Each structure stands twice: as C-alpha cells, then as structure tokens.
Amino acid sequence: MKPYYLTTAIDYSNGDPHLGHALEKVGADAIARWHRLRGEPVRFLMGMDEHAQKVLQAAEQAGVAPQVWVDRLSERFDSTWKRLHCSHDDWIQTTEPRHAKGVAALIERIRERHPDAFYDGEYEGLYCIGCEEFKSGSQVVEMRCIEHPSRELVPTKEQNTFFRLSAWRDAVLAAIQAGQFRVEPAIRRNEVLRVLEDGLLDISVSRSRLPWGVPFPGTADQTVYVWFEALMNYLSATGFPDAGWDEIWPADLHVVGKGITRFHCAIWPAILMAAGLPLPRMVWAHGYVQWGGAKVSKSEGNAVSLDLAIDRHGPDALRWFLLRDVGFENDGDFTFERFDAVYDSDLANGIGNLASRSLAMIEKYRAGVVPGLLGQESLDVAGESAVHAYKAAMAAIDLKVAAQQIVNLVTEANGYITTSAPWGLAKAGDDARLDAVLAALAHCLVRLAVMASPFMPEKSQALWAALGQGGTPEAAWAMAAEPRLAGVKVAKPENLFPKPPTP
RNA sequence: GGCUGGGUAGUUCAGAUGGUUAGAACGCCACACUCAUAAUGUGGAAGUCGCGGGUUCGAGUCCCGCCCCAGCUACCA
C-alpha cells in the first residue's frame, strides 16, 4: 500500500531554527500523526536546503568548511524537531549523494521526453561584486545591494540553461482548476491562479559561478540553480531513480510557507509534467508566526529563541499553542502572555484538571476500576459528536477547528460533572448512577487522549497509560469511536500540565 | 499602480443563500459547588459589526464611494 507521503519545506542552512519553522514542522507532524491514527502507513520527510550562496558565506564567517557547517546545522534542526516530537521518518540534506543523483536523473528524464525543455540562453541580472552573486527583489535598493551599499550593482550577462516553464502554464492551470492538483487554503490558490493567468516566463535554472551545488548534467561548469534543485528533494528522497521510488511518489501533501507557494504550485508541477511524473496531490501553504504583531524572521533579527519557547511549558504545550491559537492557515501572533493564558486555560485547568478530577473519583469511589457501561450518558453523546467534528476538521487540515473540538469536549465534561455531582451520588449510595457517570468520564478521557495525540503526543501518551491502556494512542482511532474500558484499572497520573507557581 | 484577502465586545475570532433582543473563547465582576492542579459550574457587565451613502418592509450580511491593515506582483525557500 502506498504510504501517505507528506513533506515540509527544507530550511536554509544559514541560521538557527525559529518559531516560524516550528509552526510548519509541528503542523505537518500533526497531519502525519492524524493519518497514522487512522491506521494509514505514512512517510514523512523533512530536511535541509544547503546549496545557497548564503550558506557558503555563513560557513566562511564561522570559519569552517561548508560541509561541516551544513552538517552541523542539519543536526541542530533535526534535533530541534525531534525535541518537538516530530515524527519524520526521513531527513534529507541536499548535499547528500542521493539528492544529486535524483536531480541529475530528473533533468535527464525531462531531456529524454522533451528535448526542447531546456535551452541555452543568456541571463542578465544585477551582479554584486561584494556578494559575488546576482541580486534582485528586496535585496536591491536604489540599484545597490543592501549588503554592500557602497558598491554599484553591475548589470551582468551570463550564459546558462533555461527551463521552458511557459510551455506548461496551461496544463498546470488546468490541473489546479480541475482539483487534480489542490492548492490550499483558498487564498493561496487564488494567488497562484492569478500568477498563472498572467502567464509564465521561462526561467534560468543554472549558474556558472557557483561550484557549491549539483552539477547540471550535460554542461561543463554549470550547477543547478539552487531553488530549482531544492524543489526536487521531495522526489530524490523517494530514492528516485532507483527501484521503489514510485511506491512512494507522488507526494500526497507538501506543507510549505505561504512565501514559497509559487515555486511549489507553478514551477514544481511544470517540472514534473515535463518529466512525465504524477503531480503531488496537494500543497498546503500555512501563514506566518508573528511576534507581538511583527514579522519573525532571521533577517529581521527578532527571532524568538525556540528553545526558550519550548522550555516555557514543554514541547507539547508549544505544539498545542502554535496549532490551536496561532493557527495553521492565517498569520498568527505569538506572545508569551498569550501562550501562558492558553496553557492555563486549555491545558492546566482544562484537560489536565479534567483528567485529574475524573481519575481521582474513579479511584476514590471504585478503587480505580472503570465500571461497566450501563447506557448512553449525555457525555457519551457529546463525545461522539466531538469525535465526528474533529474527524471532519482534521481531514480538511483545519487544525484549529479540530483542536477546538477537544476544548469543547472538556467543557462538556466539566459541565456534566457539575450536573451529575458524583460526590452527591456517592453520599446517597446511588451506585447505579455513579457507575454510569464514572464510566462516561473514563470514555471521555479516552476520546480526548486519542484526539489530542496528533497535537500532544507525549501528554496524550501519559493520559493513555493512566487509563490503563498499553502501547500508544496511535492507530487507536477505534477507541475514540467506541471506547471500551469496562473493568480496566486506571491510575491518576502526576499532573499532566503542572501550573507554574504564580509569583 | 494592479490583484487577493481582511477591518465585528479589552483580546483572539465565529457569523452559507439579507430576517426575532449580533455569538464564542480568554480576561473582568458576583454567586454556587467541593471530585480536582484555589481547579470547575452558573449568572452578569462589555460591541455606533472601519467611515459615508444607497437598495429593501428589513443589512454585519447586497450595491457604490472612501479610509486603514496584510499578502502576492516571476528567478527573494
């Protein structure tokens, strides 16, 4: 069975991982975990983009060889994502031999099928002597490079290879319109459609001055231009062109930042079409994390320390906050003030306290053994509908709404406890009612553990274990659909989400 | 400039096809409860729905104009 293959963007090896990167990884991870929860095989790729000029400069500044530099950063990013409980099962660096091999094979495959897909042309751009590279866009202010404002940019021509992007415009446009190649959310799709409707120009895809890169097949001194090559990581990670790659490809989902949608939604599908390969099924472009309303980025120099944010309340809490409050669709804001508020309300006072009080009552009134099911309580009905709504939201990659279902169910459960007042039933000796209430609470907790697992794997695992369940909540969707806990021995865990002492 | 979105309670946001007193969460105030991480529940205060016109019996929801914010605008991952 072909796995659900999803990827995140590969990150530039020229700085530390920050909150913006984290949102993407954690969001993709929640989606990966959701598919595993449904029992699907999943393949989940992350990695590093290492062939940029900036990377060389960063290595030089650090005084180490480029490969040493990128390996160091690769380790740093990978371990950060693992610390955030990301469950990727492949990690690609674009300096790996398998990537160079995949890129070369893909370009050759395009040449075989469409000999005129590539042609020699002249690229003309503004060249900065200081940076030793071409500059454009926001790097150019008043005809000068922002890094070297004392020097004039020199209009320079160089001979290199062009990709006939324009030839695939109609086909890419049609694929998006037909829904065969989905671009989500809609705001991003509209942008891409507009770009395509305006037409595409051919693009230069090689550089002659950069030895740090993948050699362009059939040329003596050219390397593949970095972002053209970077896109191909999704394919080279499947093992392409070696046997077995087509058991993984096409990708089901590319998760990317909104800033790079055009590359993924116009150029990447054109490359694949030229090669006669199937298109990815979906590109999801998330919004950006802002810091107190301002852009967070390495270039702005205000990147919040990711380690600091993780240390605040632990990795699961940060995952929860990013996906539930910052959001995976629109831009969102990160402040410690809000992070603390959401932690207290959703996690400590919400799920954590609900688990605590429910399990404490099962222990106190029934020696920790979940009573048998006596009938359907109102809380069971609420649980079923929460699971239903959650499922629909996850399938639509609406992580915020999915998380909302968890919060809603917690609220339902707290209200149910107040209404049914188990302590009163115990005092009155109404054992039948008390059994029903305690069973319903246990079922509710199981549902919560399962639903929370894509968001907070570690904490939901702890809750799962407290409910006397073996293994992990992964692939345990059946328990959410129909909890079976009669006779199971539960144990109240330590506080799932301890509250820091208030000063 | 062009194109997309958006401007709704202190804050973050919901509000298909126009229709009773505009909703939720967090925060705030009061009360209740005691199983629980001083947690939870109930009630309450809180909004000229960006501005100005228009259509309509009736508009946050449609039309026109304007203001403000964000994004995209091709080789910036």
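In what follows, every chain begins at residue 1, and chains take the letters A, B, ... in the order their sequences are listed. As a basis for the values below, the full set of heavy atoms in this structure was taken, side chains included, without hydrogen atoms, waters or symmetry mates. Everything numeric here is computed off the predicted structure, so don't read it as measured data.
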Any side-chain N or O of [X] less than 4.0 Å from the OP1 or OP2 oxygen of [N]?
X	N	answer
A:Tyr225	B:C75	no
A:Arg262	B:U73	yes
A:Lys492	B:U37	yes

What I want to find out is whether [X] reaches [Y] closely enough, with some N-O distance under 4.0 Å, to be called a salt bridge.
X	Y	answer
A:Asp340	A:Lys499	no
A:Lys489	A:Glu363	no
A:Asp29	A:Arg319	yes

Every protein N/O lying under 3.5 Å from an N/O of nucleotides 38-41 of chain B:
from	atom 1	to	atom 2	distance (Å)
B:A39	OP1	A:Lys499	NZ	2.9
B:A39	O5'	A:Lys499	NZ	2.9
B:A39	O2'	A:Asn353	OD1	2.2
B:A39	O2'	A:Asn353	ND2	3.1
B:U40	O2'	A:Arg357	NH1	3.2
B:G41	O4'	A:Thr418	OG1	3.1

Polar atom pairs between nucleotides 28-33 of chain B and protein, under 3.5 Å, N or O only, would you list them?
none

Please determine, by modelled atom types, if A:Gln404 and A:Asn408 share a side-chain donor-acceptor pair under 3.5 angstrom.
-> yes
Rounded to the nearest Å, what distance is computed from the [atom1] atom of residue [X] to the [atom2] atom of nucleotide [N]?
X	N	atom1	atom2	answer
A:Arg169	B:A74	CZ	C1'	14 Å
A:Leu193	B:A74	CG	C1'	16 Å
A:Asp49	B:A77	CG	P	8 Å
A:Ile260	B:C75	CD1	C1'	14 Å
A:Trp320	B:A25	CH2	P	16 Å
A:Leu201	B:A74	CG	C1'	7 Å

Using a 4.0 Å heavy-atom cut-off, does [X] contact any base of the nucleic acid, only the sugar-phosphate backbone, or nothing at all?
X	answer
A:Leu496	base
A:Tyr365	sugar-phosphate
A:Ala360	sugar-phosphate
A:Gly257	nothing
A:Leu165	nothing

More than 12 heavy atoms of other residues, nucleotides or ligands under 6.0 Å from CD of A:Glu494: is that the case?
->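 Result for CD/A:Glu494: open.
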Going by the angle between their ring planes, with limits at 30° and 60°, are A:Tyr343 and A:His313 parallel, tilted or perpendicular?
->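 Rings of A:Tyr343 and A:His313: parallel, under 30°.
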With under 30° as parallel and over 60° as perpendicular, where do the rings of A:Phe334 and A:Phe336 fit, or are they tilted in between?
-> perpendicular
Is NZ or CZ of A:Arg207 both nearer than 6.0 Å to the six-membered ring centre of A:Tyr225 and within 45° of the ring axis?
-> yes
Side chains of [X] and [Y]: does their closest heavy-atom pair fall under 4.5 Å?
X	Y	answer
A:Leu6	A:His254	no
A:Val195	A:Leu200	yes
A:Leu318	A:Arg312	no
A:Met361	A:Ile417	yes

Whole-Å [atom1] distance, [N] and [M]:
N	M	atom1	result
B:C66	B:G7	C1'	14 Å
B:G43	B:G5	P	39 Å
B:U61	B:U17	P	11 Å
B:G50	B:U56	P	23 Å
B:C29	B:A70	P	35 Å
B:G18	B:A59	C1'	6 Å

Listed pairs, N/O of protein and of nucleotides 3-7 of chain B, under 3.5 Å:
from	atom 1	to	atom 2	distance (Å)
B:C3	O2'	A:Arg194	NE	2.9

Identify, with sequence neighbours excluded, every residue that meets salt bridge (charged side-chain N to carboxylate O under 4.0 Å, His left out) alongside A:Asp90.
->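 Applying salt bridge (charged side-chain N to carboxylate O under 4.0 Å, His left out) to A:Asp90 gives A:Arg43, A:Arg98.
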Find the distance between CD (A:Glu184) and CZ (A:Arg182) and round it off to the nearest 0.5 Å.
->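 Nearest 0.5 Å value for the CD-CZ distance: 4.5 Å.
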Which stems, defined as runs of 3 or more consecutive Watson-Crick or G-U wobble pairs with both pairing distances under 3.5 Å, involve RNA chain B?
-> B:1-7 with B:67-73, B:10-13 with B:23-26, B:28-32 with B:40-44, B:50-54 with B:62-66
Between A:Ala230 and A:Ser356, just flag the one whose closest nucleotide in RNA chain B comes earlier from the 5' side.
->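 Whichever sits nearer the 5' end wins; that is A:Ser356.
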Along RNA chain B (nearest heavy atom to each residue), the more 5'-positioned of A:Ser358 and A:Asp346 =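 The 5'-side residue here is A:Asp346.
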Applying side-chain hydrogen bond (donor to acceptor under 3.5 Å, both in side chains), name anything that partners A:Asp202, two or more places apart in sequence or on another chain.
-> A:Tyr119, A:Ser166
